[in-house]
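Data block below; observations after.
For the single chain, residues carry numbers from 1 onward in sequence order. Bear in mind that the values here come from a model prediction, so they are computed numbers and not experimental data.
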Amino acid sequence: MAETKREIERKYDAPAEPFRLPDLRKVPGVSDVIDKGVMELDAVYYDTDDQRLAADGITLRRRTGGDDAGWHLKLPVALAEGVRDEVRAPLSPDVPRTLAGLTRSRVRAAELVPVVRLLSSRDVSHLTGADGALLAEVSVDAVRAERADGAQPVAWTEIEVELADGGDPEFLGKVEKRLRKAGIERSGSASKLARALDATGSGRRAKKPAGPADPVTAGDHVLAHLRAQRDLLVELDPAVRRDLPDSVHQMRVATRRMRSAFKTYKKVLDPAVTGPVGEELKWLAGELGVDRDREVMTERLTGRIEELPRTLLLGPVRGRLRIWAVATRQGSRRHTVAVLDGKRYLALLDGLDALLADPPLKAAADRPAADVLTKAALKDHARLAARVEHALSLPPGPDRDLALHEARKTAKRARYAGEAAVPALGKQAKNFAKRMKAVQSVLGDHQDSVVAREVLRDLAIQAHAAGETAFTWGLLYGQEQAAAADRERELPGVWESAAEPELSAG
């Protein structure tokens, strides 16, 4: 069983010998510096031959020695320098299956092999406060790096300052201030592995092809948008496997943004090539939806129940909803992980990489971005206008519900078109996307109500079959009917504010 630890640390280069740490008792808040002795650590780092994990700042190691011997996978935390999640597993001869799964979106079908062995003599000190509580651990590491391919070993000394669990990250700044006064500067390497690879010459490290630094043409902007979503998809894979909050939703959004871009920018990218990839993205979004839809519905119905007076909660309402949520969650979680472990998903990732490495650009790709992206967004807006007007022309009922659902999907596509155009069009596109989002929100809440009524009907049938009263489920069903009617009455006003796209093509 793997466990996770949030690691917040900073690394520093030790000055030339002879070297001693400054007196860290002078750091504000530090009452004592406790010598914990020296430990010998032996870590073998694993990666693909072309070092795909290292390219994304990820490390996987098997380490003996110290009090945390075992397998460690370190994953960067987005937008947080020096913060990583360390996922641990017990010692075993081979890479644990759980950790291998967390690297799958990067590694794909490649084999994880030893690339570097690090032998470290670690001199550890604990910084404690007035109450004796641990504030941070300071380590002076004498490191020897040996490449698996027989390259010349390298050695260096570095300092690590790791914040205690639950500590205030600002404390690391106080320690750093004291270290810098002693002439000790931050390390230029993100990790020991990165330093070892750089020092021993890692000529095979994988690199992602990058677009132009400053996108100019329509093709530049569209490809930059698609690359960002592809990267997000890959980065979210471990988060989904770890069941982190909102990860499934964000991964699903990334797939939808890419598929939407393929449709919106048919004048930029050849649909004959992007179409099949788009269909696979649709498949993935649908598979991820099994988990996400359950999550949304559980939150919605839980909120409805919490708002009811206790006198209207007849029967084991909360318990029955909990049973439904747990039962569907267990099945949906297993299903989601199975999808991510499947060959079809890996083939999709490879297909996206191939498409972005050799994009099927059409003539419009070389035109100015503002012109092409504006016209594409206006076309999506026109499609939305037609669908909203059609839905509003229908009487309330199943046909109208279906038409409103179709309009919702079109509103989402128009919103994505606006958001993708923001780097090229700025505030104009941002405001356009905001108006499209307002329409999408109203239509989305309406659709959630339609789905909620189906779930409530099923729960009422289950309650009745178990000899329970279905009164509360019927009451909630009526509330959802009223909520849907409210959204339908609200839609014309929201649409009136969005009917004029306020985008101008050149």
Side-chain angles (χ1 to χ4, degrees), residues 78-80 208-233 235-236 246 249-250 252-269 271 274 278 281 352 355-356 359 361-388 407-444 493-506:
L79 304 178
K208 294 178 182 177
D214 296 309
V216 176
T217 66
D220 293 341
H221 279 276
V222 171
L223 291 175
H225 173 69
L226 288 170
R227 288 190 184 101
Q229 301 310 312
R230 184 274 313 275
D231 292 348
L232 190 58
L233 182 65
E235 291 165 10
L236 284 167
D246 207 38
H249 172 59
Q250 293 300 327
R252 196 181 186 193
V253 168
T255 65
R256 285 175 164 174
R257 287 184 189 278
M258 281 188 283
R259 182 167 177 257
S260 181
F262 289 156
K263 291 184 175 182
T264 296
Y265 303 118
K266 290 182 178 180
K267 297 291 182 66
V268 176
L269 295 171
T274 62
L281 288 168
L352 287 169
L355 187 149
L356 293 172
L361 298 175
K362 299 183 71 176
D366 291 329
R367 292 172 54 193
D371 182 41
V372 175
L373 271 57
T374 298
K375 288 183 178 178
L378 289 173
K379 190 172 182 179
D380 282 346
H381 182 273
R383 183 180 294 104
L384 173 61
R387 293 195 173 181
V388 169
R408 169 180 172 264
K409 291 188 287 186
T410 309
K412 186 180 298 184
R413 176 171 160 182
R415 170 194 167 190
Y416 290 162
E419 290 173 345
V422 168
L425 304 179
K427 186 176 181 180
Q428 194 180 43
K430 186 175 182 179
N431 290 337
F432 172 86
K434 184 177 180 180
R435 292 192 298 275
M436 297 306 103
K437 183 178 180 180
V439 177
Q440 176 195 333
S441 296
V442 172
L443 292 170
V494 175
W495 175 244
E496 184 178 358
S497 299
E500 291 298 327
E502 299 181 18
L503 285 173
S504 57

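- Every residue two or more places apart in sequence or in another chain that forms a side chain to side chain donor-acceptor pair (under 3.5 Å) with D246 is listed here: Q250.
- Scored by the side chain to side chain donor-acceptor pair (under 3.5 Å) test, R256 finds no partners at all (sequence neighbours excluded).
- For the pair L373/Y265, a side-chain contact is recorded, criterion being any heavy-atom separation below 4.5 Å from C-beta on.
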- Item | Verdict with supporting geometry, F432 and L425, side chain to side chain contact (heavy atoms under 4.5 Å, CB included) | CA-CA 10 Å; F432 172 86; L425 304 179; over 6 Å; no
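- For E500, there are no salt bridge (charged side-chain N to carboxylate O under 4.0 Å, His left out) partners at least two apart in sequence or on another chain.
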Check residues 377-387 and write down every donor-acceptor pair under 3.5 Å in which the side-chain atom is one partner and the other belongs to a residue at least two apart or another chain.
unit_1 : atom_1 : unit_2 : atom_2 : d
D380   : OD1    : R383   : NH1    : 2.9
D380   : OD1    : R413   : NE     : 3.1
D380   : OD1    : R413   : NH2    : 3.3
D380   : OD2    : T264   : OG1    : 2.7
H381   : NE2    : A498   : O      : 2.8
H381   : NE2    : A499   : O      : 3.4
R387   : NH1    : T410   : OG1    : 2.9

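- With respect to R367, the side chain to side chain contact (heavy atoms under 4.5 Å, CB included) criterion is satisfied by exactly one of T217, V268, V372: V372.
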- Task: Quick one: do D366 and L361 satisfy side chain to side chain contact (heavy atoms under 4.5 Å, CB included)? Show the steps, please.
- Result: CA-CA 9 Å; D366 291 329; L361 298 175; 5.7 Å; no
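- Of the inter-residue distances, the one linking L232 atom CG with R227 atom CZ reads 15.5 Å to the nearest 0.5 angstrom.
- Evaluation of the salt bridge (charged side-chain N to carboxylate O under 4.0 Å, His left out) test over residues 424-433, restricted to residues two or more places apart or in two chains, returns none.
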- Message: For R230 and M258: C-alpha separation, side-chain torsions, deciding distance, then whether side chain to side chain contact (heavy atoms under 4.5 Å, CB included) applies.
- Response: CA-CA 8 Å; R230 184 274 313 275; M258 281 188 283; 4.2 Å; yes
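- In this view, V253 and H249, R257, Y416 satisfy the side chain to side chain contact (heavy atoms under 4.5 Å, CB included) rule, not counting sequence neighbours.
- Here the closest heavy-atom approach between residue A261 and residue H225 is recorded as CB-CD2, 4.0 Å.
- Heavy-atom minimum distance, A364 versus K267: CB-O, 3.0 Å.
- Proximity of V442 to W495: side-chain heavy atoms (C-beta onward) are nowhere separated by under 4.5 Å.
- Under the side chain to side chain contact (heavy atoms under 4.5 Å, CB included) criterion, P271 pairs with K266, T274, K362, not counting sequence neighbours.
- Judged as a side chain to side chain donor-acceptor pair (under 3.5 Å), and not counting sequence neighbours, the contacts of R415 are E419, Q440.
- Open room surrounds NZ on K437; 12 or fewer heavy atoms of other groups in view lie less than 6.0 Å from it.
- M436 and A411 get closest at one heavy-atom pair: CB-O, 4.0 Å.
- Note on D371 versus K375: salt bridge recorded, some NZ/NE/NH1/NH2 to OD/OE distance being below 4.0 Å.
- How far CD of Q229 is from OG of S260: 10.0 Å, rounded to the nearest 0.5 Å.
- Considering only residues two or more places apart in sequence or on other chains, K409 meets the side chain to side chain donor-acceptor pair (under 3.5 Å) condition with E406.
- Taking both residues in full, the closest heavy atoms of A429 and G418 are given as CB-O, 3.5 Å, listed atom of the first, atom of the second, then distance.
- Looking only at side-chain heavy atoms (C-beta outward), L352 and L233 come within less than 4.5 Å of each other.
- When side chains are defined from C-beta on, K412 counts as touching R408, because their heavy atoms get closer than 4.5 Å.
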